[in-house]
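Here the structure is laid out as structure tokens; the discussion comes afterwards.
Numbering of residues begins at 1 and proceeds along the displayed sequence. When a ligand or atom number is given, it counts from 1 through the structure's own listing order. What you see is a predicted model; the values in this text were computed from it and never measured.
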Amino acid sequence: MRKPVIAGNWKLFKTKDEALALITELASKVKGVTQVEIIVAPVFTVLPTVKTALSGTDIALSAQDVFWEEEGAFTGEVSPRMLLDAGCSHTIIGHSERRQYFSETDETVNKKMKASLKGGLIPIMCIGETLDEREGGKTFEVLERQIRGGLADLPAEVVKPVIVAYEPVWAIGTGKVATEGQAQEAHAFIRGVLADIFGRGTADATRILYGGSVKPDNAKGLMACADIDGALVGGASLKGDTFASIVRYNE
Ligand code: PGA
């Protein structure tokens, strides 16, 4: 009942030519896949180029971040309206790298969530604990704070399209994937918090993706967990064949 989502976060990689080569290869390798929603998130500068290359495919386009104002004197920022104009249907919000290097907080995540949903962009909201927090027994406390903070003051009917990505910070780009047990436990907890805030119906309909060193050889096991509805893939999304293998995890 929850359609799986496999999203590729290209981070700060790929110039125009490289992006075109990647998307062309990917599109041909995932041709005919209908049971999985596929999303790619390139850097801002190549969004329109990738959008053009995606025509005739079912692959959706996402940004990696967004600002909360529609327009104005905000040098360097990009608004939901501009992302829609560039062809995006989705945007990542609150990625741990933005929290770590660019002072993103639950409050700024919340502003971005509100502006995106108001503007008609589907947010992929990232949450996840650091290694210190996990080892200090704080995982659930951190996840709950990030969910409640990021989704504050949003009614259930507005939150419905939101995709949540659970990305333990210690698993991102490290090759240290969470075990299926660790990931499922966190996902079930996240769904429970969503149910507590928005009701069972919304919680059961929300796709919760796992992110952190997802590769072709661990995707299937993770995806088999009851509360894991997809993957947010970094490193392995930069090659057409590996990302396509993850998309085709079930074949
Ligand atoms: P990774 O990144 O797959 O390279 O660990 C995941 C992410 O940061 O979204």
Inset, instruction - Give yes if a backbone or side-chain nitrogen or oxygen of Ser213 is under 3.5 Å from a nitrogen or oxygen of ligand 1, and no if not. - result: yes
Going by distance alone, is a donor N or O of one side chain under 3.5 Å from an acceptor N or O of the other, for [X] and [Y]?
{"X": "His95", "Y": "Glu167", "value": "yes"}
{"X": "Asp106", "Y": "Gln146", "value": "no"}
{"X": "Gln100", "Y": "Ser96", "value": "no"}
{"X": "Tyr166", "Y": "Glu129", "value": "yes"}

Say whether [X] and ligand 1 are in contact under the criterion: heavy-atom distance to a ligand atom below 4.0 Å.
{"X": "Gly173", "value": "yes"}
{"X": "Gly211", "value": "no"}
{"X": "Ala171", "value": "yes"}
{"X": "Lys215", "value": "no"}

Inset, instruction - Tell me which one of Gly175, Pro168, Gly234, Gly8 gets a heavy atom nearest to atom 6 (C) of ligand 1. - result: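 It is Gly234 that holds the nearest heavy atom.
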Against heavy atoms of [X], which atoms of ligand 1 measure under 4.0 Å?
{"X": "Lys11", "result": "2 (O), 7 (C), 8 (O)"}
{"X": "Gly235", "result": "1 (P), 3 (O), 4 (O)"}
{"X": "His95", "result": "7 (C), 8 (O), 9 (O)"}
{"X": "Gly212", "result": "5 (O)"}

Legend entry - Flag if over 12 foreign heavy atoms under 6.0 Å of NZ, Lys3: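 Yes, enclosed.
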Legend entry - Electrostatic pair Arg207:Glu37 at N-O distance under 4.0 angstrom: yes
Legend entry - Region of Ile172 that comes within reach of ligand 1 [heavy atoms, distance under 4.0 Å]: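 Contact part for Ile172 vs ligand 1: both backbone and side chain.
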Legend entry - Protein contact of atom 9 (O) of ligand 1 - nearest heavy atom, named by residue and atom, plus distance: Glu167 OE2, 2.7 Å
Legend entry - Spacing of Lys220 atom NZ and Glu251 atom CD [to the nearest 0.5 Å]: 9.5 Å
Inset, instruction - Please name the pair of heavy atoms, one in Arg2 and one in Thr206, separated by the smallest distance, quoted to 0.1 Å. - result: CD-O, 3.4 Å
